[in-house]
Every structure is written in structure tokens, then in C-alpha cells.
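This report concerns only the one structure given below.
Numbering of residues begins at 1 and proceeds along the displayed sequence.
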Amino acid sequence: MSLNRIVAVLVCLGLSACSSDENSEEAYVDYTAFDNAAVRALFDAGDFEKLNKVIRIQEQKLVADKDDFLIHADMFLLQYEGIAAEVALDKAKGLGAEDAELTLRYVRAFMMQRDFRKALDAIGSTVLTGDASYEALLLRGDIHRELNDVDLAREFFTAAIEDRPEHFKGYLGLALLELNLGNLKVAEDLSSRAALYVTDDPIVSYVRGTAARYLLRPDDAIVHLEKAIELHPAHILANLELAGIYIDKNMHEKAQEYLDFVYGISPEDPMARYYSALILATEGKMKEAEEVLLRIGDLTRQFPPAARVYGHVAFRLGKFSNAKPYLERFLGLVPEDRLTRLALAESQTRRGQPAAALVTLEPLINGPKGDMEAYMQAAAAAGFMGEMLNALDYIAKAKDLAEHFDDASPELLESLGTRLALTRFMTGDLEKAAEQLRAMYGDASNDFTSLTLLANLQMDGGDLAGAKKTLVEISKVAPDQA
């Protein structure tokens, strides 16, 4: 054999040996020798791939015992794989696992499969003590919350709090219940109490943030929700609430970042779809918004904030009859929500209920500072009812407020002045209407619209000489206008 050939063979052998080191090492591992302590150590270290392999091989070799399958079930529960956990528990039960070891694990597995009745049956009459008894109270509360058995859920969470008043989970369970019911202040108080006993729970931060958001404290909400995501980056609900906050702030690109993250985890998430539809509707893309909505189930019965989103989407789409019940429902829970109140009032007016709209607007129009948009809504409702003097009063208040805004645009002031003049004309006060328009012309000598309206009002009022003077001014401002 030549020297070159010998070298080549040695190189090949060396490469082969290197590439097979890992396989050779694997071949010498005796997985059947892993006792329960070694298997539990793999679980504690989070080495689930190896843990899964050890238990599979031990099962094939018929040396796996009940404790192996209980640990296997714990792994699946941690990964939210309810069906796989149930299978592992059945195997543990077949090898002699006792009810005390199985019951709560079965309950969690069934809850992950959203089979809440089966979860409730699994608890049954099993006698549990110590930590297991406390966990059972919490799980019973969770189950009844999901089944909408509000009184029973509240009873079990309260019992958990009484059992361990310095543990956060009872307060948190009750806070989630109250949040789902729309009792936001109660939910916030309970989650703040829970935070006294834990500093790093993402669900506590989520509840605090969500409650703050719908209690109209968006900056507080952002702090808590961002903490929830810091603690648990894949927290879908916290990402969704932040998206909603930034939509309310008209920061759609920022909102879209959170929605994109949610879609990456859950491509058909219904709440994300609601928010995407709201962005589209806000941007005037009504057809696209409606197409998104058609793909969504009715989440609004399960989660009150979803009612707000759907109500605003329907309102933006001009579906006022559809919007009304959802807006009414959420406003009943959060009466301080100004945007929802304005949307509901306009929906009521457009559906022929102006008197109801005025009732809806009362907290805004009678507030200490007044609300320009609310005044304009009230003017529209009063005008719909033929109460032109009241409409005139609301428009005058809106214009007075706008004149004190530092950032009020000339277009806004012109629009309000025009509405005021037209409303005065409709009440028969031609002199005041003409005075209003002359004032607008004085502020902007090239205001073609105001001059034209003034000329028409003068002619309708019989002031032909005045109209002639105004027409001379119009010809100077817009000589090319027919």
C-alpha cells in the first residue's frame, strides 16, 4: 500500500471516528438505569427532549414505573399538552398510582382540553390535604369561572383566600373572575392585593394592566402590561391589550407590532382579528375590515373588552344597529369611557333615538370642563328633534371651547362658525346669522364660503341691498366663480 493511500485511509478512519463519537457515546448510555431521582432531575433541568427519550425507552423495556409516568405527565402539563398528559396519567394509574397523586393532574389535563365538566368530575370526592387541598380550591374556582357559575367560582376563590390569606393565587383567581365580569375596580384592587405577595407573576401584571386600561389610565396600563410581557414574552393577552391601547392613541404602526407578534403565535386569534378590523375601519378601509370580521366567532359573550372592540368596529363601518348593544354593554361596565359614549350617542341619533343620545351625552355635556365633540353630538340630536334653539346653544358652546384650544385649526373654527350661522338661520334669527358670517368674513377676508352663505341668508331675509354689497365682495374674492 502506498504512503498516500495509507494517509488517506487514516484520515478517513479519523473522520469516521470523530463523526461517530456522539453516536458511540449514545450507544453506551443505559437509559434503563435512570432511577426516579435521575428522571426528576432531567425535569427540573428542563431537558425535556432527553426526559422524553428516557421514559420512552424505559416503557419499551417494560421497566418504567408509575413515578416515571407521573413525571412525564408533569412535563406535558408544563407544555400545555392536555391529551398527552392524560395518556401518561392513565399509564401511571395502571401501574398503581394513587388518587392523591393523580387527581389534580387529571383536572389540569382536562382543563387544558377545555372539558370542564370532566375536570369537575375528576376532583369528585377525593380527600386532599395540605397544598393539594389549597390547589383544589383554586382549580374548582377556575372551573366554575369557565362554566360561568359565578357564585360558585367566587365562593371557592374566597375560600382559598381564607385558607391562605398571604398567598397570591386566591386573590388572582378572584381578580380574573371580576375582570371577566367587567368589575374593573374590584379586579384592580384584588390584583394589587395579589401583587403584595408576589413580584414576578405575569398574570398579576396582566390583570393590573388590563383593569387600568379600561379604567382609562393607559400610561399605568402600559407599565403593567409591559412587565407581564417581560416576565412571559409569549403572553398573548398582554400583547393584545397593548395593541388596543396604541390603537386608541392612533399609533397604528406600534399597535401592529404587537398584533404581528400575536399572529406569529396564534394566526387566527379572534381578538387580534377584532383589532386588525378596527385599524382598517379607522383608516377608512371598510370593506377589508368587514372581511376580517366575517372570520371571527362571537368572543364578545366571553370577554367584555371584546364587546367594546366589536362595537367600535361596527360603528366605524356605519352599522349602527349592530354597534349599539355592544357599546351599551361596555359603557354600562365602564361609564367613564368617553370614546364609547360618543360612539353610542351618534349610533342612537342615526338610528332615530335622539332623546336617548342626549341622555347618553349628559355626563360629557354637563361636566365641569365641557366636551366639544359631545356638544356637537348633542346639537345633532337636538336638531333631529327639531329643537333648534337647543342645537344653537350646543354649537355655540362647542365654538367657545374650540376658540380656547391652543391647537384649534382655522378649518375647525370656520366649520363651527358656519354651523352656528346656519342654525341661527334655521331658528329664524337672520340678523344674528348674518352677524356671525360677517364676523367670519372679517377674520378671513378671502372666505368665499362664508360670503356666499351670507349672500343667500340676506336674500332669503329680504335684505337685497345687503346681498348686493356681499356679492360685490364675492366677485373680488373669487372673480372666476360662476
Find out whether [X] and [Y] are in side-chain contact, i.e. whether some heavy atom of one side chain is under 4.5 Å from a heavy atom of the other.
{"X": "F116", "Y": "F110", "result": "no"}
{"X": "Q353", "Y": "K324", "result": "yes"}
{"X": "E101", "Y": "D67", "result": "yes"}
{"X": "H252", "Y": "L278", "result": "no"}
{"X": "L317", "Y": "N322", "result": "no"}
{"X": "F168", "Y": "L172", "result": "yes"}
{"X": "I229", "Y": "L242", "result": "yes"}

Regarding [X] and [Y], does a basic nitrogen lie under 4.0 Å from an acidic carboxylate oxygen?
{"X": "R40", "Y": "D74", "value": "yes"}
{"X": "R140", "Y": "E155", "value": "no"}
{"X": "D189", "Y": "R193", "value": "no"}
{"X": "K93", "Y": "E98", "value": "no"}
{"X": "E346", "Y": "R351", "value": "no"}
{"X": "E268", "Y": "R273", "value": "yes"}
{"X": "K169", "Y": "D142", "value": "no"}
{"X": "E283", "Y": "R316", "value": "no"}

Assign the ring pair [X] / [Y] to parallel, tilted or perpendicular, where the plane angle (0 to 90°) is split at 30° and 60°.
{"X": "F330", "Y": "Y214", "value": "perpendicular"}
{"X": "F156", "Y": "H144", "value": "parallel"}
{"X": "H235", "Y": "H232", "value": "perpendicular"}
{"X": "Y310", "Y": "Y274", "value": "perpendicular"}

Report yes or no: does R105 contribute a side-chain atom to a donor-acceptor pair with the main-chain N or O of L89 at less than 3.5 Å?
no

Taking A272's backbone N and O only, do any of them form a donor-acceptor pair with D269's side chain (distance below 3.5 Å, no angle check)?
yes

Could you go through the side chain to side chain donor-acceptor pair (under 3.5 Å) check for S276 and Y263 one step at a time?
CA-CA 11 Å; S276 291; Y263 286 133; 2.6 Å; yes

Crowded around K91 NZ? As in, over 12 foreign heavy atoms under 6.0 Å?
yes

Take D248 and R308 through the salt bridge (charged side-chain N to carboxylate O under 4.0 Å, His left out) test and state the conclusion after the steps.
CA-CA 12 Å; D248 287 345; R308 180 186 190 271; 3.5 Å; yes

Pairing residues for H167 by the ring pair (Phe, Tyr, Trp, His ring centres under 6.0 Å) criterion, not counting sequence neighbours
Y134

Working for side chain to side chain donor-acceptor pair (under 3.5 Å), residues Y106 and D90:
CA-CA 9 Å; Y106 267 125; D90 288 343; 2.5 Å; yes

Please walk me through it: do R208 and S191 pass side chain to side chain donor-acceptor pair (under 3.5 Å)?
CA-CA 6 Å; R208 296 183 77 186; S191 59; 4.8 Å; no

